[in-house]
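Data first, discussion second: the structure below is written as structure tokens.
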Amino acid sequence: MWAIGLVVVALAVIYYTHLLFKWRNPKIEGVLPPGSMGWPLIGETLQFIIPGKSLDLHPFVKKRMQKYGPIFKTSLVGRPIIVSTDYEMNKYILQHEGTLVELWYLDSFAKVFALEGETRVNAIGTVHKYLRSITLNHFGVESLKESVLPKIEDMLHTNLAKWASQGPVDVKQVISVMVFNFTANKIFGYDAENSKEKLSENYTKILNSFISLPLNIPGTSFHKCMQDRQKMLKLLKDTLMERLNDPSKRRGDFLDQAIDDMKTEKFLTVDFIPQQMFGILFASFESMSTTLTLTFKFLSENPRVVEELRAEHEAILKKREDPNSGLTWEEYRSMTFTQMVVNETLRISNIPPGLFRKALKDFQVKGYTVPAGWTLMLVTPAIQLNPDTFKDPVTFNPWRWKALLHFPTQPLI
């Protein structure tokens with residue numbers, strides 16, 4: 001009997017060894033980059049989710065770059081992925097978006113933000129162009145110049161005064177709330193001071209739970225995330241319906257433009273517009289707040305930078321006829337050292353580990369084959385954190401931009 005059991009065990013070992021070999025050595029027509037696919041299903045996910053302890057490249061990427069080179073293969077949450085830290089390859093792939101590749105996100109992210117289907121908010125083509133256009137229309141340079149700049153100044157004065165009276169504050173938390181409330185007001189007139197709904201708290205819950213396995217069953221973090229998402233979408237849809245049913249509530253904002261464009265853009269439906277607003281609010285809530293929080297960190301650690309910033313801004317104030325007048329566009333454009341600080345912060349504060357794309361068909365690049373259906377992770381921070389490009393790349397040094405920028409004609413944005 002034991003002999004039969006031994007044979008069964010041996011056959012099982014051989015079978016699973018064969019599956020493991022096939023998983024780690026996928027058959028394709030061409031040459032895959034070097035690398036490891038890890039274990040079936042989980043791949044190298046456990047190594048990937050271990051957070052880094054510095055602002056340098058994620059240790060998962062850096063370790064494999066040293067072992068395999070700038071382009072390597074791996075597997076995350078069961079998906080085969082080609083990781084590229086190569087500037088030329090990344091540029092080539094981004095230039096062929098819509099023909100060779102399309103935008104792609106992890107499953108949980110895609111489900112939360114409706115990134116699937118023809119009218120997904122990351123769709124290439126008409127939808128993508130429209131979303132870019134309407135966003136720039138309300139948050140781009142012209143909008144900043146004409147109306148947004150003084151509103152940002154008022155927002156900062158109000159919140160800085162509030163924080164100063166509170167004693168110690170959680171910088172990331174208060175900045176997140178500030179940025180969210182400002183963006184929500186610009187998009188659909190949200191009044192945080194008088195609203196019963198504290199929407200920023202809802203977004204915090206979503207953020208804390210959506211980076212999880214996409215198991216939408218009661219009791220899981222992802223299920224709670226989806227419930228919070230539905231609550232937010234209902235509120236946004238209710239606001240949209242109020243505007244549609246009562247023209248007196250219109251205020252010329254982002255939502256009103258989307259309503260006007262419903263007449264000409266078929267994909268703008270009462271279900272799609274709330275999704276659109278939901279995604280933009282999340283983008284501002286997390287990315288902008290994280291960058292601004294890092295700015296506070298860098299300034300607190302570099303008093304010399306603070307002194308030069310203070311000198312630049314005091315010089316602007318001395319030139320004013322009225323010291324209490326608001327910030328002008330010309331003053332904004334003249335902040336040369338401030339721009340150097342902004343550029344250096346953006347260079348170091350690479351929030352996402354990379355840009356994700358999905359191959360639409362087999363193609364060759366840099367001597368390797370990218371199979372159709374495979375995911376690409378373009379590690380764009382690799383160029384900013386490359387010691388061959390920037391000396392001491394993880395050191396905060398705004399003066400490194402002095403030779404790279406042409407002042408005073410170069411604007412802040």
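This is a predicted model, so every value here is computed, not measured.
Under a 4.0 Å N-O distance rule, the pair E97/R357 qualifies as a salt bridge. Ionic pairing of R250 and D260 is present here: one or more N-O contacts between side-chain nitrogen and carboxylate oxygen are shorter than 4.0 angstrom. Using a 4.0 Å cut-off between charged nitrogen and carboxylate oxygen, E142 and K145 do not count as a salt-bridge pair. In this structure, K366 pairs ionically with D86, as a charged nitrogen and a carboxylate oxygen lie closer than 4.0 Å. A salt bridge links D256 to R243: at least one charged side-chain nitrogen sits closer than 4.0 Å to a carboxylate oxygen. A salt bridge links E331 to R320: at least one charged side-chain nitrogen sits closer than 4.0 Å to a carboxylate oxygen. Residues E301 and K297 are paired through a salt bridge, judged by an N-O separation under 4.0 Å between the basic side chain and the carboxylate.
A cation-pi arrangement is found for R64 relative to F60, the charged atom lying closer than 6.0 Å to the ring centre and inside a 45° cone about the ring normal. A cation-pi arrangement, defined by a distance under 6.0 Å to the six-membered ring centre and an angle within 45 degrees of its axis, is absent between R79 and W374. Stacking of R347 on the aromatic ring of F390 is recorded, both the 6.0 Å distance cut-off and the 45° axial limit being met.
When every heavy atom of A359 is checked against every heavy atom of V370, the shortest pair comes out as CB-CG1, 3.7 Å.
Using a 4.5 Å heavy-atom cutoff, the side chains of L327 and M335 are in contact. Counting heavy atoms from C-beta on, the side chains of L233 and Q275 come closer than 4.5 Å. Counting only heavy atoms from C-beta outward, the side chains of Y368 and P34 approach each other to under 4.5 Å. Residues L244 and V270 are in side-chain contact: their nearest non-hydrogen atoms beyond the backbone lie under 4.5 Å apart. With contacts defined as side-chain heavy-atom distances shorter than 4.5 Å, the pair K172/S176 qualifies. Side-chain contact between F298 and I348 is present, with at least one heavy-atom pair separated by less than 4.5 Å. Between K198 and V177 the shortest side-chain heavy-atom distance does not fall below 4.5 Å.
In this structure, F267 and Y130 have perpendicular ring planes: the angle between them is above 60°, well past the 30° mark. Using bins of under 30°, 30° to 60° and over 60° for the plane-to-plane angle, the ring pair F296/W163 lands in the perpendicular bin.
A donor-acceptor contact closer than 3.5 angstrom links the side chains of N137 and Q257. For the residue pair W399 / E308, a side-chain donor-acceptor distance below 3.5 Å is found, with atom types taken as modelled.
Between F48 and H58, the ring centre distance stays below 6.0 Å.
With rounding to the nearest 0.5 angstrom, the OG atom of S84 is 9.5 Å from the CE atom of M65.
Judged purely by atom type and a 3.5 angstrom limit, D191 has no side-chain atom pairing as donor or acceptor with the backbone of N185.
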